[in-house]
Amino acid sequence: MQTTLSTKTSRIEAVDALRGFAVIAILLVHSVEHFIFPVYPAEQPEWLDVLNQGIVSIVFSLFAGKAYAIFALLFGFTFYIQYTNQELKGHDFGLRFLWRLLLLLGFATLNAAFFPAGDVLLLFAVVGIVLVIVRKWSDKAVLILTIILLLQPVEWFYYFRSLFDSSYTLPDLGVGPMYETVAEYTKAGDFWTFIRGNVTLGQKASLLWAVGSGRFLQTAGLFLAGLLLGRKQLFAATEQSGRFWVNTLMVGAVAFGILYPLYVRVGDQEGVAAQTVGVVLDMWQKLAFTAVLVASFMLLYRKESFRRRTTALRFYGRMSLTNYITQSIVGALIYFPFGLYLAPYCGYAVSLLIGFGIAVLQVLFCRWWLSRHKQGPLEALWHRLTWL
């Protein structure tokens, strides 16, 4: 690694706030989706239908696929912080991080038990191994691998193979039937069948979906990008980082303006091109918009007024694991048949308000908890088990 520090790397408030923003955005998307339980009111007034469609378009355009990307980016950055601090003590954090990923599998199972589509933490725990592999690589080598991963080489291989073999069909991982089974036992409302199915079939379906949709390689690329941002100190409030985020904002905006129309054009087609090149363009346009979101946030966070107004995000981000898992539990109890079963009565607008309500309650809990403890309850448990 080319960048080393002579003193321990401390928490960066902007990163905590950005992580809080990402987790709340994930909460809002999941709430609108009824936590992947697509049951909604059969009939509503016309004005409310219009409002609902507007809300779902805005929420998904702003956050779907972007909040997760920010979460993944900061996962790589957190590895940089932990690895660097241990390196300064003469320790190699690699093996300890593998143990930490194994612990993350446990948290992923807990969250997946209440989230029928499987859980992104499982993906993080599996893909996180790449950080251990590259931990001693040079910045240039990590950058090259990052670019390769984000280019989505598997999707391009499928596409070019189809050009030379008209009979070629994409691999079928069987994700569709798996999710149909998940939907059936979720609607049935038996709690223990729901739990067992989610931690087995749901997790399997989620991981295979990530492989088939390009999310697997993109997550690895985002982890490495976060590692590089940490090495270059680009989350710190320096003049160099300021220029970087300004450039990132401009490049991201231009790239999104070019990629989104291309994605719409290719995505509307049928056949292998839409399922390969269309997937790549979709991930690229979302990644470009993610760059706009992150750069805008980092530049705004340099202003005192914005920092004051986003203090809640900083508290929320420090307890991201606790908040991420508890939002799934609360959402399941609100929307699913074994709980209050409010899904048939909540359109997109009402669901968004419920999401905001959950976020407010979580923020209040974070403020109270962190006034008495250094870490959130699950964060403290993860840390304590890491250092066994």
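Worth knowing before you read on, the calculation uses all heavy atoms, side chains too, and leaves out hydrogens, waters and symmetry mates. Worth saying up front: this structure is predicted, and the values here are computed from it rather than measured.
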Could you report the tightest heavy-atom contact between [X] and [Y], atom names first, then the distance?
| X | Y | answer |
| --- | --- | --- |
| Phe223 | Ala72 | CD2-O, 3.2 Å |
| Pro116 | Thr186 | CB-OG1, 3.8 Å |
| Met298 | Ala14 | CE-CB, 3.8 Å |
| Phe60 | Lys66 | O-NZ, 3.6 Å |
| Gly221 | Leu149 | N-CD1, 3.7 Å |
| Ile354 | Cys346 | CD1-SG, 3.8 Å |

Please check this pair: side chain of [X] against backbone of [Y], looking for a donor-acceptor N/O pair closer than 3.5 Å.
| X | Y | value |
| --- | --- | --- |
| Arg96 | Thr386 | yes |
| Ser162 | Tyr168 | no |
| Asn198 | Phe194 | yes |
| Trp99 | Leu385 | yes |
| Ser57 | Gln53 | yes |
| Thr326 | Asn323 | yes |
| Asn52 | Tyr348 | yes |

Parallel, tilted or perpendicular: which describes the rings of Tyr159 and Trp156, with under 30° parallel and over 60° perpendicular?
->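 Ring orientation of Tyr159 relative to Trp156: perpendicular.
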Evaluate the ring planes of Phe35 and His30, with Trp represented by its six-membered ring, and classify them as parallel (under 30°), tilted (30 to 60°) or perpendicular (over 60°).
->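 Because their plane-to-plane angle lies in the 30° to 60° range, the rings of Phe35 and His30 count as tilted.
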Is any side-chain heavy atom of [X] closer than 4.5 Å to a side-chain heavy atom of [Y]?
| X | Y | value |
| --- | --- | --- |
| Ser206 | Leu123 | no |
| Glu379 | His383 | no |
| Asp190 | Phe338 | no |
| Val154 | Val211 | no |
| Ser351 | Tyr335 | yes |
| Ile129 | Leu98 | yes |
| Trp382 | Leu104 | yes |

Report the distance from atom [atom1] of [X] to atom [atom2] of [Y], rounding to the nearest 0.5 Å.
| X | Y | atom1 | atom2 | result |
| --- | --- | --- | --- | --- |
| Leu101 | Leu131 | CG | CG | 8.0 Å |
| Ser213 | Gln275 | OG | CD | 12.5 Å |
| Ile36 | His34 | CD1 | NE2 | 11.0 Å |
| Ser328 | Ile358 | OG | CD1 | 9.5 Å |
| Phe93 | Gln82 | CZ | CD | 4.0 Å |
| Leu18 | Leu300 | CG | CG | 11.5 Å |

I'd like to know if [Y] and [X] are part of one continuous hydrophobic network [Ile/Leu/Val/Met/Phe/Trp/Tyr, side-chain heavy atoms within less than 4.5 Å].
| X | Y | value |
| --- | --- | --- |
| Trp368 | Leu364 | no |
| Leu103 | Val130 | yes |
| Met319 | Ile329 | no |
| Val199 | Leu121 | no |
| Leu361 | Leu370 | no |

If you count the non-hydrogen atoms of other residues, nucleotides and ligands that lie under 6.0 Å from OH in Tyr260, is the total more than 12?
->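 Check fails, neighbour count at 12 or below.
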Within 6.0 Å of CZ in Arg309, more than 12 heavy atoms from elsewhere |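 Check fails, neighbour count at 12 or below.
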Take Phe191 and Phe336 through the test ring-ring contact (aromatic ring centres under 6.0 Å, His included) and record every step on the way to the result.
-> CA-CA 10 Å; Phe191 179 75; Phe336 294 166; over 10 Å; no
Apply side chain to side chain donor-acceptor pair (under 3.5 Å) to the pair Tyr68 and Gln218, showing each step before the final yes or no.
-> CA-CA 11 Å; Tyr68 131 81; Gln218 187 193 51; 3.2 Å; yes
Scan residues 243-255 for pairs that pass side chain to side chain donor-acceptor pair (under 3.5 Å), counting only residues two or more places apart or in two chains.
->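 Residue pairs with at least one partner in residues 243-255: Glu239-Arg243.
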Qualifying residues under salt bridge (Lys or Arg N to Asp or Glu O under 4.0 Å), relative to Arg314, sequence neighbours excluded |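 If we apply the salt bridge (Lys or Arg N to Asp or Glu O under 4.0 Å) test to Arg314, skipping adjacent residues, the hits are Glu13.
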Residues which pass salt bridge (Lys or Arg N to Asp or Glu O under 4.0 Å) with Asp92, listed by chain and number, not counting sequence neighbours |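 Salt bridge (Lys or Arg N to Asp or Glu O under 4.0 Å) check on Asp92 returns Arg135, Lys136.
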Step-by-step side chain to side chain contact (heavy atoms under 4.5 Å, CB included) determination, Val23 to Gln327 | CA-CA 10 Å; Val23 178; Gln327 67 181 233; 3.7 Å; yes
Kindly write out the residues that satisfy side chain to side chain donor-acceptor pair (under 3.5 Å) with Thr238, not counting sequence neighbours, or none if the list is empty.
->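 Here the qualifying residues are Ser241.
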Given side chain to side chain contact (heavy atoms under 4.5 Å, CB included), test Lys187 with Phe37 step by step and report yes or no.
-> CA-CA 9 Å; Lys187 290 180 180 179; Phe37 183 55; 3.8 Å; yes
Tell me, which pairs form a ring pair (Phe, Tyr, Trp, His ring centres under 6.0 Å) where one or both residues lie in residues 261-286, sequence neighbours left out?
->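 Not a single pair qualifies under ring pair (Phe, Tyr, Trp, His ring centres under 6.0 Å).
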So which pairs with a foot in residues 313-333 pass ring pair (Phe, Tyr, Trp, His ring centres under 6.0 Å), sequence neighbours left out?
->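 Of all non-adjacent pairs touching residues 313-333, those that pass ring pair (Phe, Tyr, Trp, His ring centres under 6.0 Å) are Phe71-Tyr324.
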Option passing ring pair (Phe, Tyr, Trp, His ring centres under 6.0 Å) with Phe235 (candidates Tyr301, Phe77, Phe244, Phe297) =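 Exactly one candidate clears the test, Phe77.
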With ring-ring contact (aromatic ring centres under 6.0 Å, His included) as the test, would you mind laying out the steps for Phe124 and Phe75 before giving the verdict?
-> CA-CA 8 Å; Phe124 281 21; Phe75 189 87; 5.3 Å; yes
Does the pair Thr311 and Arg367 meet the rule for a side chain to side chain contact (heavy atoms under 4.5 Å, CB included), with working shown?
-> CA-CA 10 Å; Thr311 299; Arg367 284 182 175 273; 4.0 Å; yes
Out of Val142, Leu143, Ile144, which residue meets the side chain to side chain contact (heavy atoms under 4.5 Å, CB included) rule with Lys140?
->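 It is Ile144, the one option of Val142, Leu143, Ile144 that forms the side chain to side chain contact (heavy atoms under 4.5 Å, CB included) with Lys140.
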Just checking, is any N or O donor in the side chain of Tyr158 or Gln152 under 3.5 Å from an acceptor N or O on the other one?
->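 Result is no, nothing qualifies.
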For the pair Phe216 and Val126, evaluate side chain to side chain contact (heavy atoms under 4.5 Å, CB included) and give the outcome as yes or no after the intermediate values.
-> CA-CA 9 Å; Phe216 198 93; Val126 174; 4.1 Å; yes
